[in-house]
Amino acid sequence: MKKNQNDNLMVYYPKKYDIIVVGAGHAGCEAALAAARMGCRVLLLAIDLDKVAGMPCSPSIGGMAKGQLVKEIDALGGEMAKVTDKTAIQYRTLNTKKGPAVHSSRTQNDKIRYHMAMKAVIEKQPNLDLKQAMVERLVLEGKRVAGVEDHTGYGYPANAVVLATGTFLSGLVHIGLNSIQAGRAGEFASYGLPAHLKALGFNLGRMKTGTPPRLKKSTIDFTKFTPQPPDPDPTPFSFFTEKILLPQVPSYIGHTNARSHRIVQDNLSQSALYGGMIKGVAARYCPSFEDKIVKFSGRDRHQIILEPEGLDTDEIYASGLGNSLPMEVQIQFVRSVEGLEAAEIMRPAYAIEYDYINPIQLKPTLESKPIAGLFMAGQVNGTSGYEEAAAQGMWAGINAASKIQKRPPFILNRSQAYLGVMIDDLVTRGTREPYRMFTSRAEYRLMLREDNADLRLMEKGHDLGLIDQNTLKDIKERKKQITKEIRRVKGTLIKPAKEINAYLRNRGTTQINKAVYLDQLLKRTALDYQTVIALAQSPDHISPKVARQVEIEIKYEGYIHKQLREIEKFKSQESMKIPESLNFFEVYGLSNELKEKLSAARPTSLGQASRIEGITPAALSVLMLAIKTVEKRLKAESA
């Protein structure tokens, strides 16, 4: 084999792998583990083995919609939730005052323990090798990937490659008007690989993110902050975790003030963001403090949260104080906050720019369209967040393994999982700013809850070889129990009686004067499954997990049925596949703009086409007719 199709022969590592994963962040770890557990020989390459599964920004996992992603990774047989439970020092469930569709778990984690725990899992995983190397180029055979070349010119052969390069492609760290080539503060950036990808014809864009300062715990006056305690009875993240081991600690909430805002306002010209140093697109939903001052000038204060970075470190993550100001200004700014007057900055805040690949260049499997066998996952696809990265990593790892093993592609649609929503958003619409998962992006979020991720996805995980037989047996048994208990509750008649009405009065709800079915009582806001136990307990043992599902399915029955009808309509559009031979430029009745968008995205179904920006009902009708015409022609040709 020749080096990238030129005359120079390359020296290759003697062992050939099925799959090479480039980058050992959250995406790379899940990709490598999934593929290895499916039976592929996998090589995971990291620039620095001391940063495997690093947490360069907030040492937390989960949050709004992100928690749902982590639960789905876990239900499919991934590792993030398990490692989270080994290293979590604070659990909180968000949105508990709202319905179960938007309940989301979040943890604060010991970042060093997280890194070490994930690295240990990877090192012990059969079929998986972990090595340190900086990849500079892909090795190609025609339009198919055949391995990678590192910065020393050494080659590693493989049949598939997953790029999970995070913020390392042309990474540039900004502190004030000073810029440093780095993938993250103190870490090498990769400049050869993005140049190589551009030369191969990939469309690369530029994005910006950042991180706040880390403060020395002993220099903070915590009496000026409001403690935010962990949940008193925390629920583990993973469906497989039985016990939470580490001590639980609080975070602390405070606020900036007029002086803080004035310091930043007066020094905007020295900010990398507003001083003209940064060209990349920043996330709207996670603005730096400079952005807050400019875009929310009417606000007289902004919330900050002090979060511990671990049990054995003095570093405190100052959430809300992210900026790209010079160090001397950062010191003034931090010390303007009440309680931080004597705070010492252990690590400065900074902004980072990096290259990403517009994900419209990817198939729904996350395989690139131009080069067969090349998959991409994580921030390289324009997303933000550990959770989004890990979810894409698992998806790419599964599909790379499926391609090697000649199995059908692994695709979850928007009605099946948050993972399906995210991947569909990325490959159908692309992204011009850092993409973040929100519950509002999921049309069927009532069906895609955290609490039922195991019921939705573990059977699929088992089919992939990532969930064991005993777990599958438990899931099937639990589904039977849920169905049986719902049927029993709906069929149980509760008659008015003195003790019944006394119970209802004590629970703060209306008495009954005629017989009603138990499910009608359970639908009342003031009542929960404890009502079932009190008024007509099942003769069978009902576990808390079963009880929770019974309560939700009965309480939200009307909404669930409505969403199921919507899903059936959605599936009808998804089932109408677009023939690969369809030339969108030849479809009469579509505007040139839509022809270009459809040709770039190459949607695989009418449903996917409907989600492309600018597609109208009239355009869908034209497209549907074109699909039927092509199908008719293909059928006639094959006859």
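Across all their heavy atoms, E353 and G280 have their closest contact at OE2-N, 2.7 Å. Contact record, T167 with G183: OG1-O, 2.7 Å, taken as the closest heavy-atom pair.
To the nearest 0.5 Å, atom CZ of residue F289 and atom OG of residue S271 are 12.5 Å apart. In this structure, CD in E551 is found 11.5 Å from CD in E553, a value given to the nearest 0.5 Å. Taking CZ from R347 and CD from E315, the interatomic distance works out to 4.0 Å, rounded to the nearest 0.5 Å. Interatomic distance, CG of L472 versus CD of E459, reported as 5.5 Å (0.5 Å rounding).
Two residues are said to be in side-chain contact when any heavy atoms from C-beta on lie closer than 4.5 Å; V421 and N413 fail this criterion. I411 is listed as a side-chain neighbour of W395, based on a closest heavy-atom distance under 4.5 Å. Side-chain contact check for F239 versus K71: some heavy-atom pair is nearer than 4.5 Å.
Under a 4.0 Å N-O distance rule, the pair R414/D425 qualifies as a salt bridge. The existence of a salt bridge linking R611 and E574 is confirmed by a sub-4.0 Å separation between a basic side-chain nitrogen and an acidic carboxylate oxygen. We find that R184 and E187 are joined by a salt bridge, their nearest charged nitrogen and carboxylate oxygen being less than 4.0 Å apart. Using a cut-off of 4.0 Å between Lys/Arg side-chain N and Asp/Glu carboxylate O, E388 and K66 are scored as salt-bridged. Remark: E613 does not engage R429 in a salt bridge, criterion side-chain N to carboxylate O under 4.0 Å. For E72 and K460, the salt-bridge test fails: no basic side-chain N is under 4.0 Å from an acidic carboxylate O.
The aromatic rings of Y252 and F222 lie tilted to each other, with the angle between the two planes from 30° to 60°. Ring geometry for Y386 versus H26: interplanar angle of 30 to 60°, hence tilted.
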Checklist entry - Given Q392 and T383, is the side chain to side chain donor-acceptor pair (under 3.5 Å) satisfied, shown in steps? => result CA-CA 10 Å; Q392 290 173 74; T383 60; 2.9 Å; yes
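Judged as a salt bridge (charged side-chain N to carboxylate O under 4.0 Å, His left out), and not counting sequence neighbours, the contacts of K597 are E593.
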